[in-house]
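A, B, ... follow the sequence lines: proteins, then strands. Residue 1 opens every chain.
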Amino acid sequence: MARLVIMDGNSLLNRAFYALPPLTSAEGLPTNAVHGFLAMLLRIQKEKKPDCWVVAFDKTKATKRIEMYDQYKAQRKETPETLKPQFAYLKEILGAMSVPVLESEGYEADDLIATVTRRAEAEGMEIIVITGDKDAFQLVSDQTTVEMTIKGISTVECYNKDKLFEKYQLKPEQIIDLKGLMGDPSDNIPGIPGIGEKTALKLLWSFGSLEQVLENVDAVPGNKLKALLKEYPEQALLSKKLATMIDQVPIDFQIGDFVRTKPDSEKTLGLLHQYSLSMICRLFEQTLDQDQEGPARSRGPAKSQDRRDNENGKNNRNNKNNQDSQDNQEDNRDSQAGPSYEERILDPGGWLEQISSWMTEKTELVISYRLEGEAAHLSVWNEMGICDQRNTYSLDRTQIDKNVLAKWHELLGSPRVFKIMADHKTLYSALANEGVRLDGLKYDLSLAAYLMNPTRSSYQAAELLSGQADELFFSAAREAGLLAHEFENSRKKLEELGLSSLLHELEEPLSIVLAEMERQGISVDREMLEQIGFELEKKIAVIEEDIYQIAGVSFNINSPQQLGKVLFEQLELPPLKKIKTGYSTDAETLEELAGQHCIVEKILEFRHLVKLNSTYVKGLLGQLRDGKVHTTFQQMVTATGRLSSTEPNLQNIPIRMEEGRKLRKVFVPSRGGWELFSADYSQIELRVLAHYSQDPILCQSFQTGEDVHARTASEVFGVPLEQVTPDMRRKAKAVNFGLMYGLTDFGLARDIRIPRKEAKFYIERYFQRYSGVKKYLNDSVVNAMETGETRTLLNRLRQTPELNHQNRTVRQFGQRIAMNSPIQGTAADIMKLAMIRVDEAMKGLEANLLLQVHDELLLEVSARALPEVAQIVKTEMESALLLTVPLQVDCKTGVNWCDMGKYHI
DNA sequence: AATCTCACG
DNA sequence: ACGTACGTGAGATTT
């Protein structure tokens with residue numbers, strides 16, 4: 001079956017523009033979007049080997065749709081100035097490459113795509129549409145698949161009928177009904193106000209089409225929904241029409257016009273050179289080499305490629321080095337910055353010999369890697385680059401036999417072959433999926449870079465090399481070569497900054513502990529979670545009705561904008577706080593308004609329940625795999641040294657509110673006869689503050705084991721300990737908390753709802769009594785101003801450029817950072833140290849570390865091993881670091897993460 | 001992509 | 001007079 005690829009020029013160029021950093025040619029012309037588009041085009045050429053292809057563009061205005069609806073795309077922002085000219089550059093290059101371009105006055109790219117698709121279907125072709133616009137889902141058929149770019153352009157999701165049904169439980173032709181009901185804000189298509197994706201989907205599942213919904217309005221559940229459908233039927237029908245791709249555009253073409261033909265290589269290379277697109281040059285040359293083999297004759301069905309970004313990021317699977325391209329390598333090297341190594345190409349026998357020799361010689365290897373698949377714990381490597389300090393090598397998984405693979409895996413698992421790489425944890429996780437335990441880590445360049453500057457936004461290999469090479473994409477082999485060079489710089493600088501032991505004794509060992517925790521995962525009781533969701537939805541539906549009743553209108557309560565209109569315009573409540581976009585409707589504001597109108601508390605309750613349902617029930621269910629969720633602990637995100645947790649975030653599971661707390665019941669041990677065990681540091685940050693400040697009262701509080709907050713209340717309010725009331729203690733507790741954040745009267749007043757004057761008074765009293773704390777905090781700021789940085793007890797660094805900023809608010813922020821970072825960071829150091837020691841001490845016992853929540857460790861333990869494990873965990877945590885005040889750890893056990901009782905040791 | 005809101009320590 | 005507590009991540013809406 002002949003294969004046709006149709007690319008949506010507008011959609012993809014836009015995507016590429018926003019996904020890539022600004023790039024310019026030697027003459028200063030913007031080229032980032034062109035670069036992205038061409039990289040994608042060449043990749044498609046290589047992967048799909050299409051017989052025919054064409055790129056469709058919008059032409060001027062979408063007049064056909066504006067005739068129907070004058071507001072169509074009315075509020076869309078002007079195309080950025082740096083993007084506009086790139087359309088012309090792209091078309092110029094496509095011309096040279098002999099890639100057909102299609103455009104037609106008055107029609108959008110969408111319509112042209114639909115028209116070509118239908119015609120090609122009639123001719124019995126296989127069609128692949130590539131776009132970032134979900135409207136295209138309506139084209140999916142037995143012959144047509146849609147590849148949707150997600151998150152930028154490097155990743156695509158391939159939709160056939162089955163995949164589409166899996167995602168929406170809709171047929172392709174129902175996509176326009178969906179748009180008709182929910183609208184599309186990006187095109188200013190209205191849909192029906194108050195109906196979002198969820199409601200629209202439910203309606204379509206029941207009724208099949210928009211028309212059917214409208215005909216059977218009376219059978220629709222819910223009065224407000226009925227009312228909405230009765231109020232806006234025309235708007236919905238118009239929206240559907242607008243979303244429908246026109247597949248009968250009167251345009252003169254033959255599919256034969258799109259047959260892939262030889263590019264004008266000379267002209268293309270000239271243009272690519274003119275626009276300084278050196279990487280594209282190389283890719284283009286590779287395709288020239290390949291195409292000499294001629295187009296592929298037979299192939300299987302289109303493969304589904306469901307890929308998401310992994311931590312290896314946007315460079316993933318770009319620029320695989322081709323074996324035929326040695327000549328190019330030579331050419332490129334001269335034009336590229338950075339050190340160069342010879343890339344060597346090996347055959348299977350050569351590989352076996354080379355790997356053996358690395359193993360016997362115990363060479364240090366710098367390794368780069370490309371992964372494929374979803375999150376790291378589900379992914380597998382597909383290419384590695386190796387630098388042995390003399391040469392570089394590229395190991396392409398698809399081109400090696402199983403003997404080489406086994407030998408290479410043996411090397412990776414060997415503690416005697418030392419490895420240098422960026423982001424060891426991600427590779428460790430990927431290899432663990434194949435039963436390989438990566439060992440012999442000598443230096444993790446990413447962790448090192450994080451320690452040297454913890455506020456960067458990325459520590460991926462490509463980012464670490466941005467100073468050395470001017471390319472956007474590297475081959476794995478070249479990346480390894482560059483990393484080898486970077487290693488020398490990094491190691492020297494790390495040593496100078498006094499961070500080497502923090503790297504080798506803390507972060508690197510911890511990365512393995514974390515990878516194993518992620519891999520272990522935590523069991524979730526799916527049925528219970530679904531039941532909780534069911535009940536939340538019932539409650540939400542009732543409150544929702546109440547709110548519409550009281551307000552007298554239906555609206556989307558989740559939209560702060562619409563909610564603001566109802567509350568502050570229609571119901572004329574006083575707007576207490578303003579934000580950029582209008583009225584603030586956050587909980588703090590609403591709580592103040594609660595007395596004035598009964599709708600307010602309903603809204604608060606609604607928000608609360610919706611949050612629990614969408615973030616925790618729905619979100620968690622979406623992450624469940626075989627009864628478990630596997631978080632990813634981010635080790636290089638926070639500015640202070642803490643960990644963070646993503647996909648899902650298991651560090652913010654509700655606990656403060658009773659209703660939310662119940663969600664913790666769904667977290668259970670993974671085996672019968674085991675229990676959950678939680679150990680948390682009591683007041684660790686205040687203890688760190690006591691240690692740092694050596695304040696006599698604070699130290700005494702911890703040394704005698706008294707109630708610190710009560711003691712603070714007694715000092716601040718000037719009453720004996722026995723006369724401290726619960727309210728006094730509450731306020732004192734807030735002061736103690738605030739201290740570590742760089743207390744202000746404003747913040748304290750807001751937090752505990754007292755007049756600012758009163759807050760100011762408390763703070764003054766506090767610092768009179770705790771003068772050691774005052775002095776310490778002051779010294780912290782002075783020291784940070786002098787050195788430009790803060791340090792924790794384990795020497796963890798955070799730069800404080802904010803202190804020199806011209807804006808006063810930023811400088812004040814810098815002061816609070818200087819006060820807070822050593823405290824929060826030291827607490828993080830202690831916990832990390834404890835984790836390594838606990839992990840080590842528990843080897844061989846029936847217990848698994850599951851989660852870290854900043855000052856808490858959660859484990860699962862067999863009942864039999866519990867006493868021993870509890871003792872180990874408590875002891876290791878409390879003795880992780882010796883402070884002048886004791887560290888105290890409280891332990892609990894239970895059958896789930898909610899119902900836990902104190903565990904006495 | 002940016003904003004708002006809210007969950008945690 | 002001004003903007004204000006430290007550190008995070010995710011979902012929904014809007015642009």
Side-chain angles (χ1 to χ4, degrees), chain A residues 14-15 17-19 73 75-77 151-152 182-188 196-198 454 556-564 579-590 604 607-608 610-620 622-623 631-632 634 637-657 660-661 663-664 680-681 683-685 734-735 737-751 756 759 763 798 807-813 815-825 827-828 831 851-856:
Chain A
N14 262 288
R15 288 262 171 171
F17 177 77
Y18 290 109
K73 291 194 177 174
Q75 59 182 29
R76 181 167 283 195
K77 267 186 291 185
K151 282 209 234 166
M182 64 183 272
D184 183 345
S186 70
D187 288 345
N188 209 26
E197 184 176 300
K198 277 190 230 158
N556 187 347
I557 311 170
N558 287 320
S559 160
Q561 213 177 70
Q562 294 179 38
L563 179 62
I579 48 176
K580 279 185 203 166
T581 50
Y583 314 110
S584 168
T585 65
D586 64 13
E588 194 192 323
T589 311
L590 294 188
L604 285 166
R607 280 244 182 95
H608 181 211
V610 165
K611 172 81 176 178
L612 296 179
N613 192 42
S614 56
T615 303
Y616 298 104
V617 177
K618 292 282 154 54
L620 229 40
Q623 300 276 349
T631 187
T632 302
Q634 306 293 342
V637 166
T638 72
T640 54
R642 274 188 175 185
L643 301 178
S644 79
S645 157
T646 58
E647 285 185 294
N649 181 353
L650 294 181
Q651 290 182 324
N652 71 347
I653 302 302
I655 189 167
R656 295 173 186 168
M657 299 293 212
R661 186 182 197 132
L663 276 158
R664 293 192 168 216
D680 74 286
Y681 280 113
Q683 314 282 2
I684 187 168
E685 294 192 354
V735 172
F737 264 108
L739 274 176
M740 287 160 316
Y741 305 151
L743 196 63
T744 66
D745 52 6
F746 180 90
L748 181 62
R750 179 158 57 62
D751 229 43
R756 195 164 160 173
I763 294 170
R798 177 179 182 178
N807 180 315
R808 199 182 58 102
T809 309
V810 178
R811 281 200 306 277
Q812 286 179 335
F813 179 51
Q815 295 176 1
R816 295 195 294 270
I817 288 172
M819 293 186 256
N820 172 265
S821 293
I823 298 171
Q824 191 181 113
M831 178 53 112
L851 299 176
Q852 185 251 48
V853 192
H854 310 306
D855 61 2
E856 172 188 8

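The partner of C/dA1 is absent, by the rule that a Watson-Crick or G-U pair needs both atom distances under 3.5 Å.
Residue A/Asp745 contributes atom CG, which lies 16 Å from atom P of C/dG3 at whole-angstrom precision. Atoms CD1 (A/Ile653) and P (B/dC6) sit 18 Å apart, rounded to a whole Å. The separation between A/Glu588 atom CD and B/dC4 atom C1' is 14 Å, rounded to whole Å. One atom, CD of A/Gln562, and another, P of C/dT13, lie 9 Å apart when rounded to the nearest Å. At whole-Å resolution of the value, CZ in A/Phe737 and P in C/dC6 are 15 Å apart. Distance A/Met740 CE to C/dT4 C1': 18 Å, rounded to the nearest Å. In this structure, the NZ atom of A/Lys580 is 17 Å from the P atom of C/dT14, given to the nearest Å. The separation between A/Gln634 atom CD and C/dG9 atom P is 7 Å, rounded to whole Å.
When heavy atoms are screened at a 4.0 angstrom cut-off, A/Ile823 is found touching no nucleic acid atom at all. If you check every strand for non-hydrogen atoms under 4.0 Å, A/Leu739 touches nothing. As judged by a 4.0 angstrom heavy-atom cut-off over every strand, A/Ile579 is placed among residues touching the sugar-phosphate backbone only. Counting non-hydrogen atoms under 4.0 angstrom, A/Ala827 reaches nothing in the nucleic acid. Using a 4.0 Å heavy-atom criterion, one finds that A/Ser821 contacts no nucleic acid atom at all. A/Arg656 comes within 4.0 angstrom of a nucleotide base, judged by non-hydrogen atoms across all strands. Using a 4.0 Å heavy-atom cutoff across all strands shown, A/Arg811 reaches no nucleic acid atom at all. Heavy atoms of A/Gln561 sit under 4.0 angstrom from primed sugar atoms or phosphate atoms, though from no base atom. Using a 4.0 Å heavy-atom cutoff across all strands shown, A/Phe813 reaches sugar-phosphate atoms only and no base atom. Note on A/Leu612: nothing from the nucleic acid sits closer than 4.0 angstrom, heavy atoms only. As judged by a 4.0 angstrom heavy-atom cut-off over every strand, A/Ala828 is placed among residues making no nucleic acid contact. Residue contacts for A/Thr744: at a heavy-atom cut-off of 4.0 Å it reaches a base atom on one of the strands shown. At the heavy-atom level, A/Glu856 lies nowhere under 4.0 Å from the strands shown.
Donor-acceptor pairing under 3.5 Å, judged by distance alone, is present between the side chain of A/Asp751 and the base of C/dA5. Contact of A/Gln651 with B/dC8 (side chain to base): no donor-acceptor pair of N or O atoms is detected under 3.5 Å. Checked by distance alone, A/Arg808 brings no side-chain donor or acceptor within 3.5 Å of a matching partner on the base of C/dT4. In the interface, the side chain of A/Arg816 is not paired with the base of C/dG7 through any donor and acceptor atom under 3.5 Å apart.
Residue A/Ile817 places its side chain closer to C/dG7 than to any other of B/dG9, B/dT3, C/dG7. Comparing B/dT5, B/dC8, B/dC4 by their closest approach to the side chain of A/Arg664 singles out B/dC8. Of the candidates C/dT8, B/dG9, C/dT14, C/dT8 carries the atom nearest the A/Val637 side chain, counting heavy atoms from C-beta on. Proximity note for A/His608 (side chain, C-beta onward) versus B/dT5, B/dA7, C/dT14: the nearest is B/dA7.
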All N/O contacts under 3.5 Å from nucleotides 10-12 of chain C to the protein, with atom names and distances to one decimal?
| from | atom 1 | to | atom 2 | distance (Å) |
| --- | --- | --- | --- | --- |
| C/dA10 | OP1 | A/Glu647 | N | 2.8 |

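Nearest heavy atoms, A/Met831 versus A/Tyr681: SD-CE1, 4.0 Å.
Nearest-nucleotide positions on DNA chain C place A/Pro454 closer to the 5' end than the other of A/Pro454 and A/Pro560.
Nucleotides C/dC2 and B/dA7, compared at atom C1', are 30 Å apart to the nearest Å. Only the P atoms considered, B/dC4 is 15 Å distant from C/dA5, to the nearest whole Å. The gap from the P atom of C/dG3 to that of B/dC6 amounts to 23 Å, rounded to the nearest Å.
Note that the CD atom of A/Gln824 and the CE atom of A/Met740 stand 9.5 Å from one another [nearest 0.5 Å]. A distance of 8.0 Å separates OG1 of A/Thr615 from CG of A/Asn652, quoted to the nearest 0.5 Å. For the atom pair CG of A/Asn820 and CZ of A/Arg798, the computed distance is 7.5 Å after rounding to the nearest 0.5 Å. Between the CD atom in A/Gln852 and the CG atom in A/Leu650 there is a gap of 12.0 Å [rounded to 0.5 Å].
Put simply, the side chain of A/Thr581 does not reach to within 4.5 Å of the side chain of A/Gln561, judged on heavy atoms. When side chains are defined from C-beta on, A/Leu643 counts as touching A/Gln651, because their heavy atoms get closer than 4.5 Å.
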Exercise. Yes or no on side chain to side chain contact (heavy atoms under 4.5 Å, CB included) for A/Thr640 and A/Ile823, after CA distance, side-chain angles and deciding distance?
Worked result: CA-CA 9 Å; A/Thr640 54; A/Ile823 298 171; over 6 Å; no

For this session: Determine, step by step, whether A/His608 and A/Leu612 satisfy the side chain to side chain contact (heavy atoms under 4.5 Å, CB included) criterion, reporting the C-alpha distance in whole Å, the side-chain angles of both residues, the deciding distance to 0.1 Å, and the verdict.
Result: CA-CA 6 Å; A/His608 181 211; A/Leu612 296 179; 3.8 Å; yes

Exercise. Checking side chain to side chain contact (heavy atoms under 4.5 Å, CB included) for the pair A/Arg607/A/Leu563: CA distance, chi angles, key distance, verdict?
Worked result: CA-CA 12 Å; A/Arg607 280 244 182 95; A/Leu563 179 62; 3.3 Å; yes

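An OP1 or OP2 oxygen of C/dG9 is reached within less than 4.0 angstrom by a side-chain nitrogen or oxygen of A/Ser644.
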